[in-house]
Protein chains: 2
Amino acid sequence: MLKDLPRYECLLEAAREFPDLDPTAAEAYLHLLRTADDVFAISDAQLAAHGISHGRFGVLMLLWRTSAPRTGDVPITQGPCGPRTPAELADAAGVTRATMTGLVDTLERDGFVVREPDPSDRRMLLVRLTRKGENFLARFLPIHFRYAREVMGALSEAERKTLVRLLGKVQQQTARHPLSRSAPVAKSA
Amino acid sequence: MLKDLPRYECLLEAAREFPDLDPTAAEAYLHLLRTADDVFAISDAQLAAHGISHGRFGVLMLLWRTSAPRTGDVPITQGPCGPRTPAELADAAGVTRATMTGLVDTLERDGFVVREPDPSDRRMLLVRLTRKGENFLARFLPIHFRYAREVMGALSEAERKTLVRLLGKVQQQTARHPLSRSAPVAKSA
DNA sequence: AGAAATTCGTTAGGAAGCTAACTTTCAGCT
DNA sequence: AGCTGAAAGTTAGCTTCCTAACGAATTTCT
């Protein structure tokens, strides 16, 4: 990611040579990527300070509340309140199953989750948050939420709404793109 | 990056348990990261289709116009119109010098840039775009600009301006953060 | 019932980023 | 002049992601 964005005048100048270059579009495009990268980098640093990566944190979030509402040692099978198998987790997190194997590996090594065999299908596993994993989230989530509140504190409620609306439009546009992950081109039968 | 964002009602519900959780802040935060990731992923796929990575593309962009205005074989040393040494490139691209070594390695292997010794300081090198590198940019940049125009086509000119303004506020907020890359905490003397 | 196709989780190998340590070269002091 | 410190570029090793291929288990189709 480029650290220093080209200034708007430079875009105007380059637009004379490239008819496809729309200065305001390029400006918005670059600002979007740059800002998100800044926000992301700080979050990443916070997570790293707590010894966890973004990928692993995402998995914990997906498992969150999967086991929390149960007080006793009731098996995981009750209540479909979140993804549980590695394949479901991979799909929800937007990574490959192979990557999820590695994420769950380290989470299990650190004691945040456990793998259990699925009683009904011996191909599958069930990933469950341990007490230690829950405790970690209970400790870390306030930090995370505080950060989100802090970074968005620059915006009023109305501005946040506007931002979400505009981002939603952009996101819809990406979903229409042929190279989009959410709308990959289906092969013709 | 999580593929499916939590719905707003879920945030409201979780906010009852976590006083630090500001629902509208979390919503804007998640949308920002998610949208930028979608936009980025498509751009990445476009670059990959042309056999180049985002990191390498960034380097080419930094070198762009460094050599273009010269018609003959005038040496690079004339005109300070862009970063040239690996260290400058690394700083401008926001990566480490070690990473820049790898990026320039592959760019040089593919014939897009060349390394030349700096005549005035034998520690340094000068990285220069080759004709092949220029040709690649001339071919690819229109695609890239078209994509930026397309993805931002969902927004009116006024909306783009608003988006840039709101993102600017968020970015300023991140710059103030202690873990920010742009404002790392200086050790007290 | 049994062959074929699919799905599961995993392994192996690659790309791109990082940090830490290194060599070479230069700049600043005495 | 000569030592010390800093900077340039590189290397080595780590992390996290990916794709491709695999064996085991299940489902589907005759």
Side-chain angles (χ1 to χ4, degrees), chain A residues 1-3 37 40-41 43-45 47-60 83-110 113-128 179 181 184, chain B residues 1-3 37 40-41 43-45 47-60 83-110 113-128 179 181 184:
Chain A
M1 197 77 60
L2 258 41
K3 221 182 70 177
D37 194 53
F40 184 82
S43 169
D44 212 33
L47 286 161
H50 287 75
I52 199 169
S53 73
H54 237 103
R56 288 203 275 277
F57 177 64
V59 175
L60 292 184
R84 294 180 302 262
T85 75
E88 284 170 336
L89 291 171
D91 186 51
V95 301
T96 63
R97 292 197 315 263
T99 298
M100 189 52 64
T101 296
L103 292 173
V104 175
D105 274 350
T106 56
L107 285 172
E108 190 165 32
R109 183 202 56 193
D110 293 349
V113 306
V114 288
R115 277 186 252 234
E116 302 171 343
D118 184 318
S120 70
D121 187 333
R122 283 192 297 176
R123 287 173 304 183
M124 297 199 215
L125 297 176
L126 295 175
V127 181
R128 189 166 59 82
L179 290 177
R181 290 172 300 193
Chain B
M1 198 78 59
L2 258 40
K3 221 182 70 178
D37 194 52
F40 185 81
S43 168
D44 213 32
L47 286 162
H50 287 76
I52 199 169
S53 74
H54 237 102
R56 288 202 276 276
F57 177 64
V59 176
L60 292 184
R84 293 182 302 262
T85 75
E88 283 171 338
L89 291 171
D91 186 51
V95 301
T96 63
R97 294 198 312 269
T99 298
M100 189 52 65
T101 295
L103 291 174
V104 175
D105 274 351
T106 57
L107 284 172
E108 189 166 30
R109 184 202 57 194
D110 294 348
V113 307
V114 288
R115 277 187 252 235
E116 303 171 344
D118 184 317
S120 69
D121 188 335
R122 283 191 300 177
R123 288 174 303 183
M124 298 200 214
L125 297 177
L126 295 175
V127 180
R128 188 166 60 83
L179 290 177
R181 289 172 302 192

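Only a predicted model underlies this, so the values are computations on that prediction, with no experimental measurement involved. The sequence lines fix the lettering, A, B, ..., with proteins before strands; numbering per chain opens at 1.
Side-chain N/O atoms of A:Arg56 include none lying less than 4.0 angstrom from OP1 or OP2 on D:dC17. Contact annotation: A:Arg115 side-chain N/O to C:dT10 OP1/OP2 distance is under 4.0 Å. OP1 or OP2 of C:dA16 has not a single side-chain nitrogen or oxygen of B:Thr99 nearer than 4.0 Å.
The interatomic distance linking B:Leu47 (CG) with D:dC18 (C1') rounds to 16 Å, in whole Å. B:Asp37 has its CG atom 11 Å from the P atom of D:dC18, to the nearest Å. In this structure, the CG atom of A:Asp118 is 15 Å from the C1' atom of D:dA24, given to the nearest Å. Rounded to whole angstrom, the span from the CZ atom of B:Arg84 across to the C1' atom of D:dG9 amounts to 17 Å. Computed from coordinates, the A:Met100 CE to C:dT10 P distance equals 11 Å when rounded to whole Å. Between B:Phe40 atom CZ and C:dG17 atom P there is a gap of 9 Å when expressed in whole angstrom units. Rounded to an integer number of Å, the gap from A:Asp44 CG to D:dC17 C1' is 13 Å. For A:Leu103 and C:dT10, the CG to P distance is 12 Å, given to the nearest whole Å.
Separation of atoms CE (A:Met124) and CD (A:Glu88) is listed at 7.5 Å; rounding is to 0.5 Å. To the nearest 0.5 Å, atoms CD1 (A:Ile52) and CG (A:Leu47) are separated by 7.0 Å. With values rounded to the nearest 0.5 angstrom, A:Asp105 atom CG is found 11.5 Å from A:Thr99 atom OG1. How far OG1 of A:Thr85 is from CG of A:Leu125: 8.5 Å, rounded to the nearest 0.5 Å.
For the pair B:Arg56 and B:Val59, the minimum side-chain heavy-atom distance is 4.5 Å or more. Counting heavy atoms from C-beta outward, A:Asp44 and B:Leu179 have side chains that stay 4.5 Å or more apart.
Backbone-only contact: B:Ser53 has heavy atoms under 4.0 Å from sugar-phosphate atoms and none from a base.
For A:His50 and A:Phe57, the ring centers are positioned 6.0 Å apart or more.
Heavy-atom nearest nucleotides on DNA chain C were determined for B:Thr106 and for B:Arg97, and the one closer to the 5' end corresponds to B:Thr106. Comparing A:Ile52 and A:Ala98 against DNA chain D, the residue whose closest nucleotide sits nearer the 5' end is A:Ile52.
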Between the protein and nucleotides 25-27 of chain D, are there any N/O to N/O pairs under 3.5 Å, and if so, what are the atom names and distances?
{"unit_1": "D:dT26", "atom_1": "OP1", "unit_2": "A:Arg122", "atom_2": "N", "d": "3.0"}

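Here C:dT19 is the nucleotide among C:dG17, D:dT10, C:dT19 with the atom lying nearest to any side-chain atom of B:Thr96.
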